Amino acid sequence: MKPRLFTPGPTPVPEETLLELAKPVTYHRSAESKAILAEMTEDLKYVFQTANPVLTLTASGTGGMDAAINTAIAPGEKVILLTAGRWGERWKNILKVYGANAVVVEVPYGQVVTPAMLETALAANPDAVAVCATLSETSTGVGHDLEAFGKLVAKTNAILIVDGISGLGAMECRVDAWHLDIVVTGSQKALMLPPGLAFVSVSDKAWKKIEAVAPRSFYLDLRRYKKAILESDTPFTPANTLIKAQRLSLKRIRAEGIENLWARHAKMAAACRAAVAAMGLELFPVRPNSGLTVIKVPAGVDGSAVLKKMEKTHGYKLADGQDAMKGTIWRLSHMGYTDAFDVLGAVAALELILLEVGFPVTPGVGVTAFQKAMAA
Ligand SMILES: *Cc1c(COP(=O)(O)O)cnc(C)c1O
């Protein structure tokens, strides 16, 4: 059986990156290591579309989210939290641990927080020091309009803190032009690396806000990472093997061009949505993003059983819904090192399994719709 990974993190890793991971371990304080970190940081700035240094933490994406809150928000400060799913809830839980006063703007799973909702919340809470948002809500497949959010928050004294994990590198996101003050991502989503690194960009406006906040974490204090990166270094021993490999995956993005990459993901996502509709299935998110397609499990079908069969019979590993969503949606990732023909295979396998469980679908209808959308 050939394993095929279609989960929205971790995602497949290119061959040259995997080979780099197999090389002998090197010392992290050497001139060569610093040059590699500097080069990777430059390429991250390109992917983030920012002129500010991007900080590298040895942590999963949540470590970057934790660092953003503990470094930038003092206890008791008011933060507007926009949540549309499980990852918005992760912001909420981190804010709670650090004693922030969260004003929650919440929409049901599958829905999207609109710019109008944020505008109302900002007007009602002029004392808010920050807004926390999610670019790609990976639990439901919605994408948020961060460009509009950025315009609204830029007019205030608040900073905009964004969970860009799974969105950044898959859908359009221009950190500086859109006024996104702190943006976090993880290596295992669209950046084509195994899990282990978190990346955080911080604007000048955010650094000014941070000055007045007392440190509350030793390891996850962004000030330490900023001081070190100015010397092309890290404050603690980094996962330098991963940094060397990340550099190679980022070269791929450089070679393709970030705008071409966004357009390619958008086209693949549109083709995938066309296949879903042709198979007689429905999408779950009202505003789907380009990194993953989230499909409603049709009535009478055991969603979790279908995913198990897909994996057991054809090697395709898609993700189930999380927590209360389990069995109700299928999440198919097409971010990072996944191309249209990989997704086409997943569509074909889903058709066969749907037939097997008795859902009426004519083999080839999804594949045909996908191909037509790619040809358009
Ligand atoms: C995957 C993901 C996370 C969690 O990241 P970890 O690396 O598991 O800590 C957070 N937010 C979003 C939007 C994600 O997709």
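Note that these values count all heavy atoms, side chains included, but never hydrogens, waters or copies made by symmetry. Keep in mind that this is a model prediction, so the values were computed, not measured. Just follow the structure's listing: the first ligand is 1, and inside any ligand the first atom is 1.
For ligand 1, the polar-atom distance check finds no N/O of Met65 at less than 3.5 Å from any of the ligand's N/O atoms. Remark: ligand 1 and Ser60 share an N or O pair separated by less than 3.5 Å (distance only, no angle test).
Here the heavy atom of the protein found nearest to atom 15 (O) of ligand 1 is Thr138 OG1, 2.5 Å.
Residues Asn240 and Tyr27 have side chains that never bring a donor and an acceptor to within less than 3.5 angstrom of each other. A donor atom on one side chain and an acceptor atom on the other are found under 3.5 Å apart for Tyr337 and Glu15. Counting only N and O atoms by type, the side chains of Ser201 and Asn52 include no donor and acceptor under 3.5 Å apart.
Remark: among candidates Thr62, Leu168, Thr185, Asp163, the nearest residue to atom 11 (N) of ligand 1 is Asp163, based on non-hydrogen atoms.
Every heavy atom of Gly186 sits 4.0 Å or more from the atoms of ligand 1. Taking 4.0 Å as the cut-off, Glu137 does not count as a neighbour of ligand 1 on heavy-atom distance.
With values rounded to the nearest 0.5 angstrom, His334 atom NE2 is found 4.5 Å from Cys272 atom SG.
With sequence neighbours excluded, the residues satisfying side-chain contact (heavy atoms from CB on, under 4.5 Å) with Lys309 are Thr313, Ile353, Glu356, Val357.
For ligand 1, the atoms closer than 4.0 angstrom to any heavy atom of Ser136 are 13 (C). Heavy-atom contacts of Lys189 reach the following atoms of ligand 1: 1 (C), 2 (C), 3 (C), 14 (C), 15 (O) (cutoff under 4.0 Å). Residue-ligand proximity, Ser166 to ligand 1, at heavy-atom distances under 4.0 Å covers atoms 15 (O).
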List the atom pairs, with distances to 0.1 Å, where a side-chain N or O of residues 129-136 and a protein N or O form a donor-acceptor pair under 3.5 Å, not counting sequence neighbours.
{"unit_1": "Ser136", "atom_1": "OG", "unit_2": "Ser166", "atom_2": "OG", "d": "2.8"}
{"unit_1": "Ser136", "atom_1": "OG", "unit_2": "Asn289", "atom_2": "ND2", "d": "3.0"}

